[in-house]
Amino acid sequence: MTQETILRNARLIDCISKQPRDGMSVLIRDDRIIEVAQHLSKASAQAEVIDCSGKTLMPGLIDTHVHATMVDEIDLQLFLGAGVTTARDVGGKLEKVIALRGRVNSGKVLGPRLFVCGPLLDGRGDSFDHHGEFGIMLDNVPTVAAAPGKIKELLDAGVDGIKLYFSMTPDIVEACINAVDKRVPVTAHLGRTTALEAVNLGIDGLEHMWITPYNDICPIEMRLGPEISMSSPLFSKTTFKGWEEADLHGPGAQALFGAMVEKQVKMGTTLDLLWLANIGLEAALADTDRIYIPKACLNRQRTLAKIVKAGDEWDIHTGFPPGKGDKALDKQKEAVRILHEAGGVVVGGTDCCGVAYPPPGFALLREVELLADAIGNMAALKAVTAAAASALRMEDELGTIAPGCYADILILGQDPSKDVRSLRSLERVYRAGVAHDPQAILAAYPARDMNNLGAA
C-alpha cells in the first residue's frame, strides 16, 4: 500500500541552493521524494500532513568514514539518533561488512543506510598487527601483480568502493586504481604514497586531512618515513609539529590543492580525531556525548588505559597526551578552508566506531562544528550531505531534498544554517520515508550514567 506524507510550510535547506527557502512543502511517497514546492500539486487526499511551521528541513547527514563492524549492531542506532541516515564503512572484514550492510539496509537492524569498501588494502607491509583487535579490518596487496585479483575479489563481492591504506607504495596504488577502472570510487589513507602521487594516478578521494596530505605539506625534514608507523609514539609528536610548521601557501601544498581542484578529488576531513584537542580535557570530561561511547569501544579503551596509565579520561583517551594537537588542528582547518575556497570538494567523515570518542553519530555533529569554523555553516552542511553523496556517486539519490531522491530528511527545531550546533535540535528523522523519533532512539539505548562513568 502506498504511503504519502506531506511536510508542510517549513524552512528548507536542500544543501544545493546557497540559501534556505521559506514556506516550502515536501511530498514523500513511500521511500522517495515526489515533489518540493510552496504549493504541492501531486499529493493525494489521503496523505498524512505534518505542519512544520517554524521548523527547518534538511537532508539526512552522511558520514563517509566509519568502521561499523568494530561496534555491536545495537550501537548503529546512534547514527539515526544524531540525524545520520547514511554511512560509508571504509574498513572491515569483507564477509562481515557485506552481511552487516544487508541487515541494516533491509531494516533488520536499526541504523543508517550503509555503503561498504571491504578491508583496508595495505601494501607490502602491515600498518598494524593482523592478530590485534584492528586486524579484522586489514588485507594486503603486496605486489603489482596481486592487484587485479584482489580488486576482482572485492568487486565480485559487491563492494561500493575501495580503500587503499598507509603502507601501499605508488606502484601498487596505480595497479589498484587501474584494476578498479572507475567502476567504484577509490579512496585512500596513505603514508608511503604521497597525496599528490595518488591524485595524479587517478584516485577519487583522500581520507584524513591530518595524515594523507601530510608529506606533501609539512617541512621536508619532518616527513614521515618507513621508520615511523601510525602506532609509533613518534607519529603524533612528529605530525603535530610538522603541521604547526607547514607552509600552506608553499609549492607542495599549492601543487596538491591545485591538482585536487582540477580533478575534483574528494577530501574526507576527519577533523574530529582532534576534537579533544579542540575543546580541552576539562570540557571533554564534561561532554554528555561520552555516555554514548559503545561497549566495544570501551573495552578497547580499557586496554589502552593500562598502556598509557590513563585516569578519569580513560574512555576518551586517544593514545597520545590528551589535549595535544590544538595548533595542528587549527592548521588543518586552514588547509580545509584554502582547498574549499579554491573550488575543492570537502567531505565530512569521522573514523567513528574505530575511534571511541566522539561516539557514532555524534562524531559527525562535532565534525560539522569544526568544518563550520573553517568554511562556514552552509558549506559545512553541504560537506556532510550533497558533497558526501558525490563521494559515494549517489548525488542523484542522496544528499539533497529534491524529487526522485530518497526521503532522507531531518526535521529540526532550529536553523543550522545560522549555527550548525542547531543540528542538536533534531525532532524527527526520516530514512527512506520511514519516520524515527531520535529522542526515543537515544532513550532506549543502553547509555552510561554521566554521574557514574567509573574508572577503567
Side-chain angles (χ1 to χ4, degrees), residues 65 120-128 138 140-142 144 163-177 186-203 205-263 265-271 273-274 277 318-321 324-339 342 344 351:
H65 194 127
L120 308 170
L121 296 182
D122 231 357
R124 296 181 179 94
D126 292 338
S127 295
F128 43 78
L138 197 64
N140 293 84
V141 183
V144 167
K163 169 79 173 291
L164 310 182
Y165 208 54
F166 193 79
S167 77
M168 190 172 281
T169 50
D171 56 339
I172 305 177
V173 168
E174 181 177 24
C176 289
I177 291 172
V186 181
T187 194
H189 167 177
L190 297 172
R192 302 294 172 254
T193 300
T194 69
L196 182 58
E197 286 172 327
V199 170
N200 288 336
L201 290 171
I203 205 159
L206 302 173
E207 304 297 318
H208 303 302
M209 178 58 84
W210 174 4
I211 303 169
T212 298
Y214 176 78
N215 277 355
D216 298 83
I217 291 173
C218 73
I220 293 176
E221 67 275 11
M222 303 192 75
R223 287 182 180 175
L224 296 174
E227 72 282 359
I228 301 180
S229 69
M230 288 186 299
S231 60
S232 168
L234 293 174
F235 181 82
S236 60
K237 182 178 180 180
T238 301
T239 55
F240 289 167
K241 187 65 173 175
W243 267 104
E244 289 177 28
E245 297 185 7
D247 180 1
L248 298 182
H249 299 282
Q254 290 303 300
L256 174 60
F257 296 152
M260 291 183 72
V261 171
E262 178 186 353
K263 300 188 179 186
V265 173
K266 282 68 177 177
M267 183 68 246
T269 48
T270 66
L271 299 174
L273 292 175
L274 292 174
T318 54
F320 50 85
K324 298 292 184 180
D326 55 324
K327 293 180 181 178
L329 176 60
D330 287 342
K331 210 65 170 291
Q332 291 163 30
K333 288 192 287 187
E334 184 182 352
V336 170
R337 177 186 59 78
I338 291 170
L339 178 62
D351 218 0

Checklist line | Side-chain donor or acceptor of D216 paired with backbone N/O of L196 under 3.5 Å | finding: yes
Next item on the list: Might you point out which heavy atoms bring A246 and C218 nearest each other, and give the distance in Å?
Entry: CB-CA, 4.3 Å
Notebook entry, point to check: Quick one: does I338's side chain get under 4.5 Å of H249's, heavy atoms only?
Noted result: yes
Next item on the list: Mind listing the closest non-hydrogen atom pair of M168 and T193 along with its distance?
Entry: O-OG1, 2.7 Å
Note to self: I'd like to check L274 versus D326 (side-chain heavy atoms, cut-off strictly below 4.5 Å). Are they in contact?
What the structure shows: no
Notebook entry, point to check: Heavy-atom distance under 4.5 Å between the side chains of M260 and L206, does that happen here?
Noted result: yes
Next item on the list: Examine distances only and state if a side-chain atom of D122 and a backbone atom of S167 form a donor-acceptor pair shorter than 3.5 Å.
Entry: yes
Note to self: By the salt bridge (charged side-chain N to carboxylate O under 4.0 Å, His left out) test, which pairs, at least two apart or in different chains, include something from residues 233-258?
What the structure shows: K241-E245
Check: Measuring from L256:CG to N200:CG, what's the distance to the nearest 0.5 Å?
Finding: 9.0 Å
Notebook entry, point to check: With side chains defined as the heavy atoms from C-beta onward, is the minimum distance between V336 and M267 less than 4.5 Å?
Noted result: no
Margin query: Restricting to salt bridge (charged side-chain N to carboxylate O under 4.0 Å, His left out), what partner residues turn up for D171, sequence neighbours left out?
Written below: R124
Check: Closest heavy-atom contact between P170 and R192?
Finding: CD-O, 4.0 Å
Notebook entry, point to check: A188 and I203: which non-hydrogen atoms are nearest, and at how many Å?
Noted result: CB-CD1, 3.4 Å
Checklist line | R337: salt bridge (charged side-chain N to carboxylate O under 4.0 Å, His left out) partners, not counting sequence neighbours | finding: E334, E341
Notebook entry, point to check: Between H65 and H208, how do the two ring planes meet: parallel, tilted or perpendicular, split at 30° and 60°?
Noted result: tilted
Next item on the list: Quick one: pull up CD1 in I172 and CG in L164 and give me the separation to the nearest 0.5 Å.
Entry: 10.0 Å
Next item on the list: Might you point out which heavy atoms bring I177 and L201 nearest each other, and give the distance in Å?
Entry: CG2-O, 3.5 Å
Checklist line | Contact check, side chains of F166 and I211, non-hydrogen atoms, under 4.5 Å | finding: yes
Note to self: I'd like to check I217 versus W243 (side-chain heavy atoms, cut-off strictly below 4.5 Å). Are they in contact?
What the structure shows: yes
Checklist line | Rounded distance [0.5 Å steps], OG1 in T318 versus CG in L273 | finding: 9.5 Å
Notebook entry, point to check: Taking everything shown except K263 itself, do over 12 heavy atoms lie less than 6.0 Å from its NZ?
Noted result: yes
Next item on the list: Give a yes or no answer on whether the side chain of T212 reaches the backbone of L190 with a donor-acceptor pair at less than 3.5 Å.
Entry: yes
Note to self: Less than 4.5 Å apart, side chain to side chain, heavy atoms only: is that true for E174 and V144?
What the structure shows: no
Item checked: Partner set under side chain to side chain contact (heavy atoms under 4.5 Å, CB included) for T238, not counting sequence neighbours -> Y214, L224, I228, L234
Next item on the list: Give the intermediate values and the outcome of side chain to side chain contact (heavy atoms under 4.5 Å, CB included) for residues V141 and C176.
Entry: CA-CA 9 Å; V141 183; C176 289; 4.2 Å; yes
Check: Can you list the residues that meet the side chain to side chain donor-acceptor pair (under 3.5 Å) rule with K333, with sequence neighbours excluded?
Finding: D373
Notebook entry, point to check: Would you say K331 and L248 make side-chain contact, with heavy atoms under 4.5 Å?
Noted result: yes
Margin query: Under a plain distance cut-off of 3.5 Å, with no hydrogens placed, do T239 and W210 share a side-chain donor-acceptor pair?
Written below: yes
Notebook entry, point to check: Taking all non-hydrogen atoms of both residues, which atom of N140 and which atom of G123 are closest, and how far apart?
Noted result: ND2-O, 3.0 Å
Next item on the list: List in chain and number order the residues that pass ring-ring contact (aromatic ring centres under 6.0 Å, His included) with F257, two or more places apart in sequence or in another chain; answer none if no residue qualifies.
Entry: none
